[in-house]
Amino acid sequence: MNTQQINFKWVVKHVPIYLQIVFLVLSAISAFEGVLNAVLFGQLTNINFSNIDHVYKFIGLAFGAYLIVYIAMLLFYLVQNRIVMLLNIALKQEYFYSKFANSDMKQARGADVINSISGTAKEIEQKYFFGITDIVQFVFNVVASAIVVVETNLILGIIYLLLSALTLIPSYIGKKRMNEKTEKWNKSNSQLIQAMKDIFEGRLEILNFGVRHLFFKRFDRILVNEEDKYRKMNNCQFQVQFIAWLISLVTLLLPIFTMSLS
């Protein structure tokens, strides 16, 4: 399989329509975080801090709006990981099958092919698969940010920036869980590499005895398991980030609540 075949059409072909629609919808909703920041700070001067009910209503609406956006952001990254997993499986399957079917390939080149599959797939994932999702998200962010004119309160902005340091807490707490997910993926990835190596080393015997489908079935199972572990590892990272977003929301609204009590 040539790298020229990996294009936008190929990506769309291997991603279910419903995932494409969900991805676009979540991308549009999550892009409104910057707009909410602008609206929130722009409305601060209109708050009647002597009216506690007015303040609570404002905080409640702000919390609800941010919660919706943050949930959309979390789901966006989870769906993105699912899409990348499907693309990685399709990419490695086509690459592996095409290399195996190459009658001119010598058995001694098996290790080179394995390294090529792993290295090329990872490079395409980072530079192309995630590149496409980043571009889509960037476009929605630009559109959303153009909706309002940003007006900020300097003092509350400084307080927010200082309190936002609390977002480091989830990263510290989630470090152990992230390490566990990473270790599981490393083991699964090693199993995948070993499975490919075994198949290439026994390539002639597999072809002679006509049992290619059995070894390919095992390879597919290990590949899906490896990509699923990789997806879960990335999901863990974004779940920790979701907690950080919630803490950011609290630290954003806390100065307003404190001002209302003074």
Side-chain angles (χ1 to χ4, degrees), residues 18-49 51-83 133-134 136-153 155-175 177-178 181 231-261:
Y18 80 92
L19 272 184
Q20 297 180 34
I21 297 175
V22 171
F23 176 80
L24 292 176
V25 171
L26 293 175
S27 181
I29 297 176
S30 62
F32 277 88
E33 182 190 18
V35 173
L36 287 178
N37 291 335
V39 172
L40 177 66
F41 284 107
Q43 292 296 319
L44 288 180
T45 56
N46 298 328
I47 298 178
N48 183 6
F49 288 100
N51 187 334
I52 193 66
D53 291 335
H54 187 202
V55 174
Y56 287 161
K57 181 180 179 180
F58 177 81
I59 294 177
L61 291 175
F63 183 86
Y66 271 100
L67 186 61
I68 292 174
V69 170
Y70 286 155
I71 291 176
M73 292 172 69
L74 173 64
L75 295 177
F76 168 83
Y77 288 121
L78 297 183
V79 171
Q80 175 183 259
N81 287 340
R82 176 68 179 179
I83 290 175
T133 59
D134 289 342
V136 173
Q137 183 72 343
F138 174 76
V139 170
F140 278 111
N141 283 333
V142 170
V143 174
S145 299
I147 295 179
V148 297
V149 177
V150 177
E151 297 178 359
T152 63
N153 183 297
I155 296 179
L156 289 181
I158 294 176
I159 294 176
Y160 166 68
L161 290 176
L162 293 177
L163 292 177
S164 64
L166 293 175
T167 57
L168 297 175
I169 296 178
S171 298
Y172 178 79
I173 297 177
K175 183 177 181 180
R177 185 184 176 193
M178 186 65 187
K181 296 292 184 182
R231 177 181 63 87
K232 289 179 179 178
M233 181 184 70
N234 288 328
N235 284 352
C236 178
Q237 175 185 352
F238 292 121
Q239 288 164 358
V240 172
Q241 182 63 52
F242 178 71
I243 298 176
W245 289 334
L246 294 181
I247 293 179
S248 296
L249 177 56
V250 173
T251 59
L252 179 65
L253 299 177
L254 183 60
I256 305 174
F257 180 79
T258 303
M259 184 177 294
S260 69
L261 298 179

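Atoms considered below: every heavy atom in the structure, side chains included; atoms not considered: hydrogens, waters and symmetry mates.
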Holding to side-chain contact (heavy atoms from CB on, under 4.5 Å), I want the full list of residues that pass it with Y77, two or more places apart in sequence or in another chain. Q80, F238, W245
Taking every heavy atom of V69 against every heavy atom of S30, the minimum-distance pair comes out as CG1-O, 3.8 Å
Applying the side chain to side chain contact (heavy atoms under 4.5 Å, CB included) criterion to I71, which one of F76, Y66, F242 satisfies it? F242
Looking only at non-hydrogen atoms, find the nearest pair between A72 and I29 and report the distance. CB-CG2, 3.4 Å
Sequence neighbours excluded, which residues qualify as side-chain contact (heavy atoms from CB on, under 4.5 Å) partners of N235? L78, N81, R231, Q239
Residues two or more places apart in sequence or in another chain: which of them pass side-chain contact (heavy atoms from CB on, under 4.5 Å) with A65? L36
Euclidean distance, L246 CG relative to F63 CZ, rounded to 0.5 Å: 6.5 Å
Listed partners of L19 passing side-chain contact (heavy atoms from CB on, under 4.5 Å), at least two apart: V15, P16, V79, R82, I83, L86
Could you pull out all residues at least two apart from K232 that satisfy side-chain hydrogen bond (donor to acceptor under 3.5 Å, both in side chains)? D228
At what distance, to the nearest 0.5 angstrom, does CG of D53 lie from CZ of F58? 15.5 Å
